[in-house]
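Note on naming: letters A, B, ... go to the chains in the order of the sequence lines (proteins, then strands), and numbering restarts at 1 for each one.
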Amino acid sequence: MSQKLVLIDGNSILYRAFFALPLLNNEKGVYTNAVYGFTTMLLRILEEEKPTHLLVAFDAGKTTFRHKTYTEYKGGRQKTPSELSEQFPLVKELLESFEISHYEIDQFEADDIIGTLSKSAKQDDMEVKVISGDRDLLQLVDKDVNVSLTKKGVTNIENYTPDFLEEKMGIRPDQVVDMKALMGDSSDNIPGIPGVGEKTAVKLLNQFGTLESIYENMDEVSGKKLKEKLENHKDDAFMSKELATINRDSPVTVKLTDVTYDGYPSQKVLGLFKELGFHSLLTRIDGGEAETEEQADALEDIDFTVIEDVKSDMFTGEDALFVEMLEEHYYYGTILGFGVVNNQGHYFIPTVAALESDVFKNWAENKDKKKFVFDAKRVTVALKRKGIDIKGLSFDMLLASYIINPAENHHDVPSISQRMNYHNLSYDEEVFGKGAKQKVPESEVLSEHVVRKANAIFHLKDQIVEKLKENDQQRLYTELELPLATVLGEMEYYGVKVDTNRLNEMGEELKERLDTLEQEIYELAGERFNINSPKQLGVILFEKLELPVIKKTKTGYSTAADVLEQLKDKHEIMPKILLYRQLGKLQSTYIEGLLKVVDEDEQKIHTRFNQALTQTGRLSSTEPNLQNIPIRLEEGRKIRQAFVPSNENWVIFAGDYSQIELRVLAHIAGDEKLIDAFRNNQDIHTKTAMDVFNVSEDDVTSNMRRQAKAVNFGIVYGISDYGLSQSLGITRKEAKAFIEAYFESFPGVKKYMDEIVKEAKQNGYVQTLMNRRRYLPEINSRNFNRRSFAERTAMNTPIQGSAADIIKKAMIDLAARLEEEKFEAKLLLQVHDELILEAPENEVEQLQQTVLDVMVNTVQLDVPLKVDFAHGTTWFDAK
DNA sequence: TTATGCACGC
DNA sequence: GACGTACGTGCATAAT
């Protein structure tokens, strides 16, 4: 029987896997992406190659015998990221559970081990397969030794036979080292001959065969320049050849008989996979499938009581409560039931039994009875709808989970529990199904699931609070997010009054104008088409009308506004299309979109603020999004005329922070010039222009101010030089110069930016004023884009996030003051740096005092906070 | 149902 | 010099 030896280049594959896969970590927070990639590759090799002998070779240490030849060997290499180096012990553990040999020798590289063993295997008439990501190994290729290189990712591999290699590279396997001697290799810091690339090297080798032969026949080398280069770097070339040559006689002590392989112990491997969190790989192991299914079903039994008549002694005052709802929209949604768990028992209370019970209501409304819930705001609003004003919400699993890591995008009870290594419940998807198949299960299944969720909250609460303490985020949680949930809940429940007549009126007008435009566009295009389809529009503009193509998307021509803007003068149709787009957006999103969500009875809109979503700590708003109602263009701004007070003689009142992000920046960066500018109440964009362009205040042109404003915008939102160049319509180089001039003008800001990136690289996260965290796993990425993105995020998040913290605190303070001082005024909306309220006309003056006091004094920074006010009979008029 | 392009706000 | 560029939500289209 033929024997087959598979040799795996462990370092190479792990590196490949690490950079190819996103930086996953398992529930214990250990990074496993490289090990995961390695494992998928390994499983595939085992299935496809069925080796009789198997060994994984690793590099030993920092120095190798090659460093004696050339101390700079592999110089200039980035240090291995800690997220990767911590995975080496894991992969060795993995190999041990698979009972696969691994091996390394001091002073030698994995290549040399592989070279040596493949040589002895050949002598024993074995077939050899080498797996690596390193092209150097190709020198080993011959009729008995095939080398498979990873192409993209780790499981996608390409097998090199001598023929394939020749076809692909234009040289024979034994010329691979000569090739490298000529070309060099920047990743190993092998010099080669400067100016000789792949093309020249192949040409020379085809002509002369080997490096030696080139130098023996120098007369025949064509080209004076090339000859010169070869002569000047002869020593380098021969040294490079020596460095690139794999040592096939390394002092390998392991014998082929030591590396025989006849499979792995399934149970052991399965155990490790579970430990590592490789759930998707379980089915690829023999016996894995049955095991996991069994496991999935094997939730521990849970005894619970279905309550028909709520009694007060079932509550202890420290109860976990889970409210299950059918729809996501909890203002209109149906309550499916309540799960209650405390240290006395587990209960399911059917909706009717709870809502008709005074005992339940009394318990809910008693602030001294502590409730541990998931999504306090949802619970608040849903129960308010049923006439219950729940109090004493002392723990919210959703908010806590969001604070611990906002990057996690599954903040539901089962997912959070899984992450905390608590598995005694199913995923909602398993119970309710998904998509069109979604439905409420039979009542026993439902009630058990609801109780299990309450149970998970009850059991994990202390652990989660502990984690918050560990990260010094307890105040952020108890003093900011938790009380804010109540404030936001009241805002959502109260809603915003909408004048639907006004919306309909505007809709009529828009419809007429759109119809006219549509006809005109068809006329000019010479045919009817769907103007709303970027694909069809692209064909008309760039093929039929032959307008110049300025930008392409991955699917075709770009028809984005900035492109159309550039074509505005090229064809009569362009301004019409731009206007059609603008009006079409108003019609579909704002007129029709808003009308769809107005409550018929109240004529109010109840948006929902998502308090656990954004990576920076800002809120978001959905169904509808009331944080992006048009304001920039007059036409769109009129939509705001439809947002009106809910009582007669009331007004819409708005207070917005002026330049809050730049003020926060001045504070955290401690930049003296920026701080002075704000203390002196200077126009910050003019001030920036003065410093960046080095002119006096009187010489700042409106164009300079506009550019300075864009730079400030860039600083606040963390855009790149490319982003700035786009927004100003200048080259990237010019944009870069602007940014540099800015940093020169505000050295404190520059210093902050450098330090925060350094801090992020060290800690792996950045923080806001109130200790909100954002983890940046890609801050040390080798990929330029990913790294740059993480760096900009590091600079930007503390600014945006701190501003978010501040306005959140202001909202809590304001809600308290409005109540204390018995205002009738109500908070309606928050739009990142502004608060929208409605109030009786006669409260306006007093209200302005109070809102000013709260917003300006809610935190003390090294610069003053400034707030602007406006009010009017509609939101439009509050300007 | 899902992905893509586009546009609105801060 | 690569590469694709803040954070969100929602609409329409087109492919699945």
J.: Mind checking if A:Glu623 touches a base, just sugar-phosphate, or nothing, with heavy atoms under 4.0 Å?
T.: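 Since only primed, P, OP1 and OP2 atoms lie under 4.0 Å of A:Glu623, the category is sugar-phosphate.
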J.: Counting heavy atoms from C-beta on, name the nucleotide in C:dC11, C:dG4, C:dG10 closest to the side chain of A:Thr622.
T.: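 Within the option list, the nearest is C:dG10.
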J.: Just say parallel, tilted or perpendicular for the rings of A:Phe529 and A:Tyr522, cut-offs at 30° and 60°.
T.: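 Rings of A:Phe529 and A:Tyr522: perpendicular, as their planes differ by over 60°.
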J.: Aromatic ring centroids of A:Phe713 and A:Tyr717 under 6.0 Å?
T.: yes
J.: With rounding to the closest Å, how many angstrom separate the P atoms on B:dC6 and C:dA6?
T.: 16 Å
J.: Nearest whole angstrom, please: distance from the P of C:dA6 to the CD1 of A:Ile719.
T.: 9 Å
J.: Base, sugar-phosphate, or nothing for A:Ser621, non-hydrogen atoms under 4.0 angstrom?
T.: sugar-phosphate
J.: Using whole Å, what does the distance between atom P of nucleotide B:dG9 and atom CD1 of A:Ile836 come to?
T.: 14 Å
J.: On a plain distance test, is the side chain of A:Ser720 in donor-acceptor contact with the base of C:dT5 below 3.5 Å?
T.: yes
J.: Would you say A:Lys808's side chain and A:Arg618's backbone share a donor-acceptor pair under 3.5 angstrom?
T.: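 No; zero donor-acceptor contacts below 3.5 Å.
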J.: In whole angstrom, give the distance that lies between atom CG of A:Asp656 and atom C1' of B:dC10.
T.: 11 Å
J.: Counting any heavy atom closer than 4.0 Å, what does A:Asn796 reach on the DNA or RNA strands: base, sugar-phosphate only, or nothing?
T.: nothing
J.: Using distance alone, with no hydrogens and no angle criterion, decide if A:Arg732 and A:Ser720 have a side-chain donor and acceptor under 3.5 Å apart.
T.: no
J.: Could you identify the nucleotide paired to C:dC3, looking across every strand shown and requiring Watson-Crick or G-U wobble geometry with both distances under 3.5 Å?
T.: none
J.: Quickly work out the A:Ile799 CD1 to C:dC7 P distance and round it to whole Å.
T.: 14 Å
J.: Hey, which of these two, A:Asn785 or A:His832, hits DNA chain C nearer its 5' end, going by closest nucleotide?
T.: A:Asn785
J.: Kindly point out which of C:dG8, C:dA6, C:dG4 is positioned nearest to the side chain of A:Phe789?
T.: C:dA6
J.: Is there a donor-acceptor pair under 3.5 Å between the side chain of A:Gln536 and the backbone N or O of A:Asn530?
T.: yes
J.: With a 3.5 Å cut-off and heavy atoms only, can you find an N or O donor on one side and an acceptor on the other between the side chain of A:Tyr717 and the base of B:dC10?
T.: yes
J.: Using atom NZ of A:Lys596 as one end and atom C1' of C:dA12 as the other, report the distance to the nearest whole Å.
T.: 11 Å
J.: Rounding to an integer number of angstrom, what distance separates C:dC3 and B:dA7 when you compare their P atoms?
T.: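 My reading of the P atoms in C:dC3 and B:dA7 gives 27 Å.
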J.: Compute whether any side-chain donor of one residue and acceptor of the other, for A:Asn712 and A:Thr688, lie under 3.5 angstrom apart.
T.: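 Yes, a side-chain donor-acceptor pair sits under 3.5 Å.
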J.: Could you go through A:Arg502 and A:Asp499, starting from their C-alpha distance and side-chain angles, then the distance that decides it, and tell me whether this counts as salt bridge (Lys or Arg N to Asp or Glu O under 4.0 Å)?
T.: CA-CA 5 Å; A:Arg502 184 79 194 96; A:Asp499 178 353; over 6 Å; no
J.: Examine C:dA14: is either OP1 or OP2 under 4.0 Å from a nitrogen or oxygen in the side chain of A:Gln536? Give yes or no.
T.: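 Yes, A:Gln536 has a side-chain N/O under 4.0 Å of OP1/OP2 on C:dA14.
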J.: For residues A:Arg774 and A:Thr797, is any side-chain donor paired with an opposing acceptor at under 3.5 Å?
T.: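 Per modelled atom types, A:Arg774 and A:Thr797 side chains form a pair under 3.5 Å.
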J.: Could you please name the option among C:dG4, C:dA12, C:dG8 that lies closest to any side-chain atom of A:Thr614?
T.: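 Closest nucleotide among those given: C:dG8.
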J.: Ignoring backbone atoms, establish whether A:Arg774 has a side-chain N or O less than 4.0 Å from OP1 or OP2 of C:dC7.
T.: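 Answer yes for this pair, as a side-chain N or O of A:Arg774 is under 4.0 Å from OP1 or OP2.
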J.: Output yes when at least one side-chain N/O atom of A:Asn530 is less than 4.0 Å from OP1 or OP2 of C:dT13, else no.
T.: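 A:Asn530 to C:dT13 OP1/OP2: side-chain N or O found under 4.0 Å.
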J.: Side chain of A:Ser533 only, please: which of C:dG10, C:dA14, C:dC3 is the nearest?
T.: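 Closest of the options to the side chain of A:Ser533: C:dA14.
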J.: Could you say whether A:Gly718 or A:Lys535 is positioned toward the 5' end of DNA chain C, judged by the nucleotide with the nearest heavy atom to each?
T.: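 This one resolves to A:Gly718.
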J.: Can you measure A:Tyr580 atom OH to C:dA12 atom P for me and round it to whole angstrom units?
T.: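 So the OH-P distance, A:Tyr580 to C:dA12, works out to 11 Å.
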J.: From CD of A:Gln830 over to P of C:dC7, roughly how many Å is that when rounded to an integer?
T.: 18 Å
J.: Round to the nearest Å and state the distance from A:Glu791 atom CD to C:dC3 atom P.
T.: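 Going from A:Glu791 (CD) to C:dC3 (P), I get 18 Å.
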J.: Give a yes or no on whether the backbone of A:His329 and the side-chain of A:Glu623 come within a donor-acceptor separation of less than 3.5 Å.
T.: no
J.: NA contact type, A:Phe784, heavy-atom cut-off 4.0 Å: base, sugar-phosphate, or nothing?
T.: base
J.: What string of B, S and - do you get for nucleotides 1-8 of chain B 5' to 3' if you count protein non-hydrogen atoms under 4.0 Å?
T.: S--SSSBB
J.: Is it the case that C:dG4 (base atoms only) and A:Arg787 (side chain only) share a donor and an acceptor within less than 3.5 Å, ignoring hydrogens and angles?
T.: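 Under the 3.5 Å cut-off, the side chain and the base do not form any donor-acceptor pair.
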